[in-house]
Amino acid sequence: MRWEGNEQSDNVEDRRHSGGGGGGFSVGGRGIGLGTIAIALVAGWIFGINPLTVLGLLSGGEGPAPQVQQQQGPAQKPPANDREAQFVSVVLRNTEVVWSQVFQQAGGTYTPTRLVLFRGYQQTACGAGESAMGPFYCPGDKKVYIDLSFFDTLSRQLGAPGEFARAYVIAHEVGHHVQDELGITGKVDQMRGRLSQTQNNALSVRVELQADCFAGIWAHHSQESKQWLDPGDIESAMNAAQKIGDDALQRSAGRAVVPDSFTHGTSAQRQRWFYSGFKGGRVQDCDTFSAKQL
């Protein structure tokens with residue numbers, strides 16, 4: 001992916017040195033131990049709307065944590081010599097361009113998300129986030145949160161190397177913001193309280209697969225306008241989608257594959273929906289909620 005020298009976003013906040021807040025981690029007033037977090041990791045911690053939602057469902061279906069007051073130092077711009085941060089900023093800027101054009105063509109206006117770089121622990125409007133949960137999007141403050149150490153995890157532990165695999169991560173999280181902009185996130189949240197655990201899981205799968213499809217839409221239009229992908233880049237994203245399917249994660253953890261516990265979709269489903277968005281580049285190709293077969 002030939003990204004060097006491309007325009008960077010003004011919507012990146014570097015909080016890696018500002019401190020995210022104190023030590024405890026809680027959801028809805030209940031402490032969440034590392035064992036519960038480990039279950040959440042296997043159940044679908046990678047590429048989520050907000051891992052706190054997953055944790056809430058695991059602990060009783062109460063949904064997202066209440067909003068918390070954030071007490072943090074001022075955000076800073078990433079250093080000019082930080083190559084990883086520059087890459088994130090370039091990809092984020094291109095998602096802004098692509099989605100602004102897509103919304104404009106449909107008669108709408110796209111308001112970009114902000115992306116927060118953090119390290120270790122970070123307070124958000126959705127509660128406290130930790131690096132172990134992977135990248136996530138918080139609808140409460142409309143921000144994407146990423147600890148860049150996750151990219152090493154993606155490459156070395158999950159077996160999904162390559163810059164475009166990383167771009168897929170970012171585009172997926174931005175896809176959740178697009179869902180928020182379209183009003184999909186709010187409608188899904190309204191439904192959750194009326195559903196069983198299994199039904200909530202199935203709904204989460206459709207949400208996540210749509211974000212995968214939206215990531216594909218970004219890849220389609222990005223390549224169409226910039227021609228900056230190298231041979232093997234799309235395959236790199238498809239490999240990442242395969243590695244982080246719920247079935248693949250459960251197998252790699254030495255657990256039985258339990259479809260009712262899926263929250264993000266199988267490897268084949270994640271690949272299929274990403275490629276559907278990439279092939280057609282149309283939002284109507286991403287209606288996972290109406291699809292009879294995922």
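Any value given below was found using the heavy atoms of this structure, including those in side chains, with hydrogens, waters and symmetry copies removed. What you are looking at is a predicted structure, and each value in this text was computed from that prediction instead of being measured.
No side-chain donor from either of His176 and Gln210 sits under 3.5 Å from a side-chain acceptor of the other. In the model, Trp228 has a side-chain atom that pairs as donor or acceptor with a side-chain atom of Ser222 under 3.5 Å. Side chains of His264 and Gln269: a donor-acceptor N/O pair is absent below 3.5 angstrom, by distance only.
With Ser149 as the fixed residue, the side chain to side chain donor-acceptor pair (under 3.5 Å) test singles out one of Asp147, Asp152, Thr153: Asp147.
Counting heavy atoms from C-beta on, the side chains of Ser204 and Arg192 come closer than 4.5 Å. Side-chain contact between Ile217 and Cys286 is present, with at least one heavy-atom pair separated by less than 4.5 Å. No side-chain heavy atom of Tyr145 sits under 4.5 Å from any side-chain heavy atom of Leu115. Counting only heavy atoms from C-beta outward, the side chains of Asp14 and Phe118 never approach each other to under 4.5 Å.
Qualifying side chain to side chain donor-acceptor pair (under 3.5 Å) partners for Arg251, counting only residues two or more places apart in sequence or in other chains: none. Legend: residues meeting side chain to side chain donor-acceptor pair (under 3.5 Å) with Trp218, ordered by chain and number and at least two apart, are Asn94. The side chain to side chain donor-acceptor pair (under 3.5 Å) search around Lys187 returns none, not counting sequence neighbours. Applying the salt bridge (charged side-chain N to carboxylate O under 4.0 Å, His left out) criterion to Asp10, with sequence neighbours excluded, gives no partner residue. Annotation: side-chain contact (heavy atoms from CB on, under 4.5 Å) contacts of Phe87 (sequence neighbours excluded): Met1, Trp3, Val91, Glu163, Arg166, Ala167, Ile170. Here Ser267 pairs with Asp247 under the side chain to side chain donor-acceptor pair (under 3.5 Å) rule; sequence neighbours left out. Scanning for salt bridge (charged side-chain N to carboxylate O under 4.0 Å, His left out) contacts around Glu181 gives an empty result, with sequence neighbours left out. Asp230 pairs by the side-chain contact (heavy atoms from CB on, under 4.5 Å) definition with Arg2, Asp233, not counting sequence neighbours. Under the salt bridge (charged side-chain N to carboxylate O under 4.0 Å, His left out) criterion, Asp180 pairs with Lys142, not counting sequence neighbours. Listed by chain and number, the residues in a salt bridge (charged side-chain N to carboxylate O under 4.0 Å, His left out) with Glu224 amount to none (sequence neighbours excluded).
Within the structure, every pair that satisfies the salt bridge (charged side-chain N to carboxylate O under 4.0 Å, His left out) test and touches residues 277-294, not counting sequence neighbours, is listed here: Arg282-Asp285.
Taking every heavy atom of both residues into account, Trp273 and Leu209 meet most closely at CB-O, 3.6 Å.
Between Phe164 and Phe274, the two ring planes are perpendicular [angle over 60°; tilted spans 30° to 60°].
In this structure a side-chain-to-backbone donor-acceptor pair under 3.5 Å is missing from Ser236 to Gly232.
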Would you tabulate the side-chain donor-acceptor contacts of residues 98-110 under 3.5 Å, counting partners in other chains and residues two or more places apart, or write 'none'?
residue	atom	partner	partner atom	Å
Ser100	OG	Glu96	O	2.7

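Between Asp212 and Arg270 there is a salt bridge, with a side-chain nitrogen of the basic residue lying less than 4.0 Å from a carboxylate oxygen of the acidic one.
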